[in-house]
Amino acid sequence: MTGPDISLTTGAETAAALDAGDPLAPFRDEFCLPVGRDGSPQIYLAGNSLGAAPRAAVGAVQAELERWARLGVAGHVAGESAWAPNHELLTEPLARLVGGRPHEVVAMNSLTVNLHLLTVSFYEPTADRHKILIEEHAFPSDHFAVESQIRQRGGDPAESLVLARPRPGEETLRSGDLLDLIAGHGGELALVLLPGVQYYTGQVLPMAEITAVAQEAGARVGFDLAHAVGNVPLALHDWNVDFAVWCSYKYLNAGPGAVGGAFVHERHVRDRSLPKLLGWWGQRKAIRFEMATVFDPIPTVESWQLSNPPILAMAPLRASLDVFDAAGGVAALRAKSQQQIRYLDYLLAEVLDDRIESITPVDLAERGCQHSLRVRVPGVEGRAVYEALKDADVACDWRSPDVIRVAPVPLYNSFADIRRFVGVLDGALAEAAR
Ligand SMILES: *Cc1c(COP(=O)(O)O)cnc(C)c1O
């Protein structure tokens with residue numbers, strides 16, 4: 001994985017050789033990396049939380065502001081990036097990232113809003129089949145969304161929620177256990193809603209198998225791809241996933257509050273029998289401005305749109321997706337990412353030995369960019385080590401109760417970043433133990 005001619009060492013020459021042999025290295029210059037106290041770039045390993053700003057994003061937003069100033073209302077229809085169809089420019093690049101067809105993918109709203117909209121459509125509880133399976137430690141927003149959806153239909157989460165949890169003493173879900181749980185609740189499950197990549201542990205779930213087993217049991221399947229999109233390869237159409245949602249400010253680098261995305265499989269996009277919350281932006285485009293009050297849906301997933309889209313929040317996403325395409329897409333990025341994962345694993349083992357434990361699965365197929373690390377030094381608080389990392393200009397994050405998440409992102413992180421990080425962590429551990 002690290003190339004036939006580079007055997008790993010802990011030395012700076014290895015990081016330099018890996019960077020020199022990296023065809024994606026020039027893309028680092030496409031991003032603005034936050035600057036640390038000494039004026040040099042931070043070691044930015046927080047792309048799982050907020051991706052770095054594409055340089056072109058600043059100009060992209062500026063251009064929309066200028067169009068508004070220059071054209072006013074005419075901007076809705078004037079020119080190549082007219083606002084009314086503006087989200088269409090995002091469709092194909094997003095479809096490439098999630099493995100969807102263009103009529104299955106739309107940029108709209110934000111993640112939790114899209115989760116609600118699609119749960120309205122794909123959770124159709126009956127007396128026998130009313131359960132939703134999620135993880136016990138789902139991201140709170142997902143848990144709240146699902147709980148409130150159950151209540152909204154007159155159900156009781158105590159009766160209708162099935163929670164998947166790791167075995168006692170384990171950190172991650174075993175695929176076999178998860179598939180057994182789904183099959184075991186088969187007749188009662190209306191919906192399985194799981195992450196593509198778990199936010200806390202970084203575990204990649206087997207989305208194709210989950211979809212097959214859940215659908216075999218008669219349930220529908222949705223994925224939250226917040227930590228998966230732009231990180232690992234996805235094939236939503238071929239996996240036959242019913243729906244998926246994501247945000248764009250993590251690995252898609254589209255900035256705080258960026259517009260989210262949604263996928264609905266083509267089997268469903270024209271199904272008028274699905275319950276659906278409606279808005280005028282889902283109305284067939286040719287007649288939208290006739291202002292008729294009979295709903296005639298766009299024959300694509302765009303029919304789930306409610307409102308005219310946030311142009312200023314979409315411009316940075318367009319800038320970022322251009323960089324993804326220029327870099328050769330997720331397949332190319334994933335190849336580099338796997339090298340980076342191996343390199344970080346190697347350095348953690350060699351330099352930090354048993355002072356740090358990773359709770360992220362070891363198998364490359366079960367993980368993306370993120371490493372979830374736990375401090376294992378008697379008397380040393382993980383939180384204090386995290387604070388020391390921050391003070392040393394490492395951008396990473398802390399997730400309660402005790403995990404430091406770091407994510408080398410192949411678009412803009414170098415192998416030298418990874419080595420510097422391990423050096424800083426080594427120092428922080430030594431300092432904290434003193
Ligand atoms: C980041 C994240 C969210 C965030 O939801 P927003 O609606 O974008 O605020 C939700 N769910 C998961 C799993 C996430 O990782």
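Throughout, residue positions are numbered sequentially from 1 according to the sequence presented. All values reported here derive from a predicted model rather than from experimental measurement. First listed ligand is number 1; within each ligand, the first listed atom is number 1.
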Using a 4.0 Å heavy-atom threshold (strictly under), name the region of L115 that reaches ligand 1: side chain, backbone, both or neither. neither
Per-atom contacts of ligand 1 with A226, taking only distances under 4.0 Å to non-hydrogen atoms: 2 (C), 12 (C), 14 (C), 15 (O)
Per-atom contacts of ligand 1 with H227, taking only distances under 4.0 Å to non-hydrogen atoms: 15 (O)
Would you say the side-chain atoms of T201 and S372 include a donor-acceptor pair closer than 3.5 Å? no
Do H227 and N48 meet the criterion of a side-chain donor-acceptor pair at a distance under 3.5 Å? no
Does any N or O atom in Y249 lie less than 3.5 angstrom from one in ligand 1, N or O only? yes
Return the closest protein heavy atom for atom 5 (O) of ligand 1 as residue, atom name and distance. T112 OG1, 3.4 Å
Salt bridge flag under 4.0 Å for residues E104 and R267: no
re atom 3 (C) of ligand 1, the protein heavy-atom contact at minimum distance is F139 CE2, 3.4 Å
Extract all donor-acceptor atom pairs below 3.5 Å that involve side chains of residues 311-324 and protein atoms in other chains or at least two apart in sequence.
residue, atom, partner, partner atom, Å
R318, NH2, E64, OE2, 3.3
S320, OG, L252, O, 2.5

Protein residue, atom and distance nearest to atom 15 (O) of ligand 1, heavy-atom basis: K250 NZ, 2.6 Å
Report the nearest protein non-hydrogen atom to atom 11 (N) of ligand 1: residue, atom name, distance rounded to 0.1 Å. D142 OD1, 2.7 Å
If you draw a 6.0 Å radius around CD in E136, do more than 12 non-hydrogen atoms from other residues or ligands fall strictly inside? yes
Test C396 against every option in L425, V406, L373 by the side-chain contact (heavy atoms from CB on, under 4.5 Å) rule and name the one that passes. V406
What part of L111 sits under 4.0 Å from ligand 1 if we count only heavy atoms: the side chain, the backbone, both or neither? both
Quick test of your reading of the model: are R96 and D325 salt-bridged, counting only N-O distances below 4.0 Å? yes
